[in-house]
Protein chains: 2
Amino acid sequence: MKKLSIRDIGKELGVSITTVSFILNGKAKEKRISEALTKRVLDFVEKVNYTPNVMAQALRTGKSKLICLMVEDISNNFFFSQVARQIEEKAHINGYRVIFCSTDNDKNKTRELIKLFRDRLIDGYIITPPEGIEKQITNLLDDNIPVILADRNLPDIQCSSVMVDNYESSFHATQHLIDQGFEQIAYLAIESTQTQMRDRQRGYEAAMNRSGKPILIKKLDYYAPQSENVAQLKSFMLAHPTLDAAFFATNYICNWGLEVIRSLNLRIPQDIGVLSYDDTSLFKLYNPSITAVAQPIQQISDNILKLMLDTLNGKFRAQDVHQVVIPAQLIVRESSIRNTLIPKDSTILTQ
Amino acid sequence: MKKLSIRDIGKELGVSITTVSFILNGKAKEKRISEALTKRVLDFVEKVNYTPNVMAQALRTGKSKLICLMVEDISNNFFFSQVARQIEEKAHINGYRVIFCSTDNDKNKTRELIKLFRDRLIDGYIITPPEGIEKQITNLLDDNIPVILADRNLPDIQCSSVMVDNYESSFHATQHLIDQGFEQIAYLAIESTQTQMRDRQRGYEAAMNRSGKPILIKKLDYYAPQSENVAQLKSFMLAHPTLDAAFFATNYICNWGLEVIRSLNLRIPQDIGVLSYDDTSLFKLYNPSITAVAQPIQQISDNILKLMLDTLNGKFRAQDVHQVVIPAQLIVRESSIRNTLIPKDSTILTQ
DNA sequence: TTTCAATGCTAAATCGTTTTATTGTTAATT
DNA sequence: AATTAACAATAAAACGATTTAGCATTGAAA
């Protein structure tokens, strides 16, 4: 059961392979192939279920129809895995396949990966970039290979990106805590100079400053073992007994925090209010349910892929910069409610 | 900055491309190329940072170095996303890239996907198979394309697979609940004839029968909307007020169950004991923490990839059947403890 | 001196497409 | 009758590698 080649079907029909190729690529009209022949070829191709050899096409055209999706860690993040899923699905519909890999937020690993793919294997990249790969991205763009940054961008280079309004949504989330009467709101984050992290912090600080509340920030180490971070967080909380609310910069930090809160036998929200950036399925289920800033996954994925396809199809050049910012959603749940007038699980859009 | 071809480096060195190819493929000795020339070529290749065009190699050799990983839903399952990550990493180390996609447990979608890839794009498949794709898999194997089934197998065909001992681990989990003094233990599952689901149910039934306890089973619909399943589960629990423990067949069913338990204001484990198949990060964090059967992800991934690589490297033929069964772990947490003698978060290996 | 084997390297075919340039027709115009 | 235009289809080169079969050269054996 060997696969048919275009040569086989040409021979079978007594037609040249050129003709077959033109017809299959929808150039019948343009190349003035007669309608009769076009139909004959199309029918036969359909009948014998012929599909072209993708590798040969890729070699000849220099286009692999492969998109590479590089996320921080596909396995450990609700947001990334959802986005990955969406992208994969939409790409398929448009005739593209998706190769994916995890960067671990490590610039060396990411550089390696890009280098590995450099040899025209990949038509386009979607990346949640660690800092330090600016040069590699510029090189790709210079070769007119599209790159879309997701979730964050790299301020030192000009590159298309899709992300949420981290500053505004963080501001609103903090404001929500303030409105609920929390006084000592700590911001728990990781040591990072990534744009989305900076913006979230700026949002928190701006809201606190505007209300004249004290700023209280603790930074953890992304690369440290989980137990170390939990311990750090615990001693921080013990050192600040007057704390009455915690704003976690990501959902995994919030997970660490919940572990600590639990071990200290604190009640949420009576003893401590809780709010997290990045919603997960856990937060809805947790007892009490956790208020979170949700990133609209569908919209983000749609925008990423649209930009990618438009660039691949030549509507834009890779170097053209399109930066899309999408409003995030504050989903208010039990963990942040002191004022009982606000209904459970209500949704508030920032903006 | 055009990419160098093997022709360029041959020309540059005044050597034929044949020679260069032999040397690059480690056949210098075999083809009796002199050591001096071998070194000269290798040094030059290193210096100019030449890498071969993957597409041309693929076209010529018929091997793409691409593995396709088809899981049920990459975005919504702790187990699958972890496995995906592991596979990706190990495959990379061995010079393979991973394409991934979600089957949605839909046989038509899965067939489509396999068909799409049929044209020697993919060297090997790792699949968590929906039922109904037996024929497609047999076809692949007949063409000597390796297929490894993961998480479950298809009883009607002969195919390599890697999965946990669903029957034994489910038996032990049930036995654990019985040992804790629970009397009316319900088994909450989805309507499915997949092997892993059947085996889990058989394990529950066997343990219950051996202790002379009543069997109580409720089946939900995987494809129904979540709200529908939650409602179903709620009315089931209301209809069985004497129920004192629930064994959930998967973690997402357990999530539905926790939502119901919460809405009924039942206390875990005082009013109802809870145990779930498939651990997630949620279960450790939940209050109270949830006892679960954990699948050893590392071991599963290792075995899958080892089988795949051994077949790709010709150590086995695709048709050779290797069925690997790995023991699962029962992680005992608060939700199933009545007998306070057992320590928290202790780990019991089945077998 | 011829024959043979070993050594060191290469020409050319091949994988399955796309695409450029070209060749025959026939019909219309000069 | 000769030129041109439009039409319909094709031959052959190219993409960049791998691999088969073979070509020179040298030294040793016959």
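Labels below follow one simple rule: chain letters A, B, ... track the order of the sequence lines, proteins then strands, and each chain is numbered from 1. Only this structure's heavy atoms are used, side chains among them; waters, hydrogens and symmetry mates stay out.
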Student: Pairs of donor and acceptor atoms involving the side chains of residues 21-36 of chain B, under 3.5 Å and at least two apart or interchain, shall be tabulated with distances.
Tutor:
{"unit_1": "B:N25", "atom_1": "ND2", "unit_2": "B:S21", "atom_2": "O", "d": "3.3"}
{"unit_1": "B:S34", "atom_1": "OG", "unit_2": "B:L37", "atom_2": "N", "d": "3.3"}

Student: Ignoring hydrogens and angles, does a donor from either the side chain of B:R60 or the base of D:dT18 sit under 3.5 Å from an acceptor on the other?
Tutor: yes
Student: Sequence neighbours excluded, which residues qualify as ring-ring contact (aromatic ring centres under 6.0 Å, His included) partners of A:F79?
Tutor: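 Checked A:F79 against ring-ring contact (aromatic ring centres under 6.0 Å, His included); zero matches.
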Student: Does A:I17 have any side-chain contact (heavy atoms from CB on, under 4.5 Å) partners at least two apart in sequence or in another chain, and if so, which?
Tutor: A:I6, A:R7
Student: Determine whether a donor-acceptor pair (one donor, one acceptor, N or O, separation below 3.5 Å) exists between the side chain of A:T18 and the base of C:dT19.
Tutor: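 Yes.
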Student: Passes side-chain hydrogen bond (donor to acceptor under 3.5 Å, both in side chains), B:Y222 versus B:E72? Steps please.
Tutor: CA-CA 12 Å; B:Y222 180 83; B:E72 207 171 288; 2.8 Å; yes
Student: What is the distance from NZ of B:K11 to P of D:dA17, rounded to the nearest Å?
Tutor: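 Taking NZ of B:K11 and P of D:dA17, I get 13 Å after rounding.
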Student: Nearest whole Å is fine: how far is D:dC15 P from B:L4 CG?
Tutor: 14 Å
Student: Does anything in residues 20-40 of chain A come within less than 4.0 Å of DNA chain D? Heavy atoms only, and list the residues if so.
Tutor: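 Residues of residues 20-40 of chain A under 4.0 Å from DNA chain D: A:F22, A:R32, A:I33, A:S34, A:L37.
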Student: Roughly what angle, to 10°, lies between the helix axis at the start of the helix from C:dT1-D:dA30 to C:dT30-D:dA1 and the one at its end, five pairs per end?
Tutor: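 Inter-axis angle at the termini of the helix from C:dT1-D:dA30 to C:dT30-D:dA1: 80°.
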Student: List for me each residue that meets side-chain contact (heavy atoms from CB on, under 4.5 Å) alongside B:Y223, sequence neighbours excluded, and say none if there are none.
Tutor: B:N105, B:D221
Student: Taking atom P of D:dT20 as reference, at what distance in whole Å does atom CD1 of B:I17 sit?
Tutor: 15 Å
Student: Tell me, which pairs form a salt bridge (Lys or Arg N to Asp or Glu O under 4.0 Å) where one or both residues lie in residues 36-45 of chain B, sequence neighbours left out?
Tutor: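 Sorted result for residues 36-45 of chain B: B:K39-B:D43.
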Student: Separation of B:M55 atom CE from C:dT18 atom C1', in whole Å?
Tutor: 16 Å
Student: Below the 4.0 Å mark, does D:dG16 have OP1 or OP2 next to a side-chain nitrogen or oxygen of B:Y50?
Tutor: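 Checking D:dG16 against B:Y50, no side-chain N or O comes under 4.0 Å of OP1 or OP2.
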Student: Quick one: side chains of residues 307-321 of chain A, donor-acceptor pairs under 3.5 Å with protein atoms, not counting sequence neighbours, listed by atom name and distance.
Tutor:
{"unit_1": "A:D310", "atom_1": "OD2", "unit_2": "A:K306", "atom_2": "NZ", "d": "2.9"}
{"unit_1": "A:T311", "atom_1": "OG1", "unit_2": "A:L307", "atom_2": "O", "d": "2.7"}
{"unit_1": "A:N313", "atom_1": "ND2", "unit_2": "A:L309", "atom_2": "O", "d": "3.1"}
{"unit_1": "A:R317", "atom_1": "NH2", "unit_2": "A:D320", "atom_2": "OD1", "d": "2.9"}
{"unit_1": "A:Q319", "atom_1": "NE2", "unit_2": "A:L141", "atom_2": "O", "d": "3.0"}
{"unit_1": "A:D320", "atom_1": "OD2", "unit_2": "A:R317", "atom_2": "N", "d": "2.9"}

Student: List for me each residue that meets side-chain contact (heavy atoms from CB on, under 4.5 Å) alongside B:Q57, sequence neighbours excluded, and say none if there are none.
Tutor: B:P52
Student: From C-beta outward on B:L59, which listed nucleotide comes closest to its side chain: C:dC15, C:dT18, D:dT18?
Tutor: C:dC15
Student: Return yes when atom NZ of A:K90 has more than 12 non-hydrogen atoms of other residues, nucleotides or ligands closer than 6.0 Å, and no otherwise.
Tutor: yes
Student: For a quick check of understanding: with a heavy-atom distance under 4.0 Å over all strands, which category does B:T19 fall into, base, sugar-phosphate or nothing?
Tutor: base
Student: Under 4.0 Å between a side-chain N or O of B:Q57 and OP1 or OP2 of D:dG16?
Tutor: no
